[in-house]
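Hydrogens, waters and symmetry mates play no part in the numbers below; they use all other heavy atoms, side chains included. By convention here, the first residue in the shown sequence is residue 1.
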Amino acid sequence: MSDGTSIPLSASLGVGPVTVTGIQPDTVSITMAVSAGQVTSDCTGDPSCVADLQSSLDGGAGSTTVQATGHVGAMCIVNQLTVTVVAVGPGPAILRLSTS
């Protein structure tokens, strides 16, 4: 995946598209829109993996986004979706998306 690539997902997952927002030599950053309701998130597999929940009000309608950055092996889990960083290099990154 290249910077700016977005992968649409089924609405039943409660998570919007996964979008690559940045690729560094050894990390990849992604965002995921989360639909209304309870949100669970975790970041494992990489001691420096960070997953932040961002909420904002836009014209009275709330929106929630998970922003995550991790090295190879990082797993960001949001609701039923797990995004695993498989490879990062100069240029594209390889992410694995799976559901639980």
Side-chain angles (χ1 to χ4, degrees):
M1 297 178 68
S2 300
D3 194 2
T5 300
S6 187
I7 299 172
L9 300 170
S10 169
S12 66
L13 292 174
V15 179
V18 174
T19 302
V20 175
T21 57
I23 299 174
Q24 300 299 318
D26 62 348
T27 62
V28 62
S29 297
I30 59 172
T31 62
M32 291 172 272
V34 181
S35 59
Q38 183 177 4
V39 177
T40 58
S41 66
D42 190 18
C43 203
T44 63
D46 172 9
S48 58
C49 183
V50 177
D52 293 319
L53 211 55
Q54 306 290 321
S55 294
S56 66
L57 293 176
D58 181 14
S63 65
T64 303
T65 303
V66 174
Q67 299 174 336
T69 300
H71 295 88
V72 170
M75 293 183 294
C76 180
I77 304 161
V78 178
N79 293 349
Q80 302 173 44
L81 179 70
T82 301
V83 179
T84 304
V85 180
V86 176
V88 180
I94 299 173
L95 304 176
R96 179 183 309 121
L97 281 62
S98 58
T99 58
S100 56

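In this structure, Thr5 OG1 and Ile23 CD1 are separated by 7.0 Å, a value rounded to the nearest 0.5 Å. In this structure, OG1 in Thr21 is found 10.0 Å from CE in Met32, a value given to the nearest 0.5 Å.
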Practice item. Would you please test Leu95 and Ile7 for side-chain contact (heavy atoms from CB on, under 4.5 Å) and show each step? Key: CA-CA 11 Å; Leu95 304 176; Ile7 299 172; 5.9 Å; no
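The side chain to side chain donor-acceptor pair (under 3.5 Å) search around Ser10 returns Ser12, not counting sequence neighbours. Applying the side chain to side chain donor-acceptor pair (under 3.5 Å) rule to Thr84 yields no partners; only residues at least two apart in sequence or on another chain are considered. Shown here are the side-chain contact (heavy atoms from CB on, under 4.5 Å) partners of Gln80, two or more places apart in sequence or in another chain: Leu13, Ser100. Evaluation of the side chain to side chain donor-acceptor pair (under 3.5 Å) rule for Ser29 yields Thr69 as partners, not counting sequence neighbours.
Considering every non-hydrogen atom in both Gly70 and Val85, the closest pair reads O-CG2, 4.3 Å. Of all non-hydrogen atoms in Leu81 and Val18, the two that sit nearest each other are CD2-CG2, 3.8 Å. For the pair Thr19 and Gly4, the tightest heavy-atom approach, listed with the atom from each and the gap, is CG2-O, 4.3 Å. Here the closest heavy-atom approach between residue Gly16 and residue Leu9 is recorded as O-CD1, 3.1 Å.
Under a hydrophobic clustering in which Ile, Leu, Val, Met, Phe, Trp and Tyr are joined whenever their side-chain heavy atoms come within less than 4.5 Å, directly or via other members, Val86 and Ile77 fall into different clusters. Tracing side-chain contacts under 4.5 Å through hydrophobic residues (I, L, V, M, F, W, Y), one never reaches Ile94 starting from Met75; they form parts of separate clusters.
Using a 4.5 Å heavy-atom cutoff, the side chains of Thr27 and Asp46 are not in contact. Side-chain contact between Val88 and Asp26 is absent, with no heavy atoms from C-beta onward closer than 4.5 Å.
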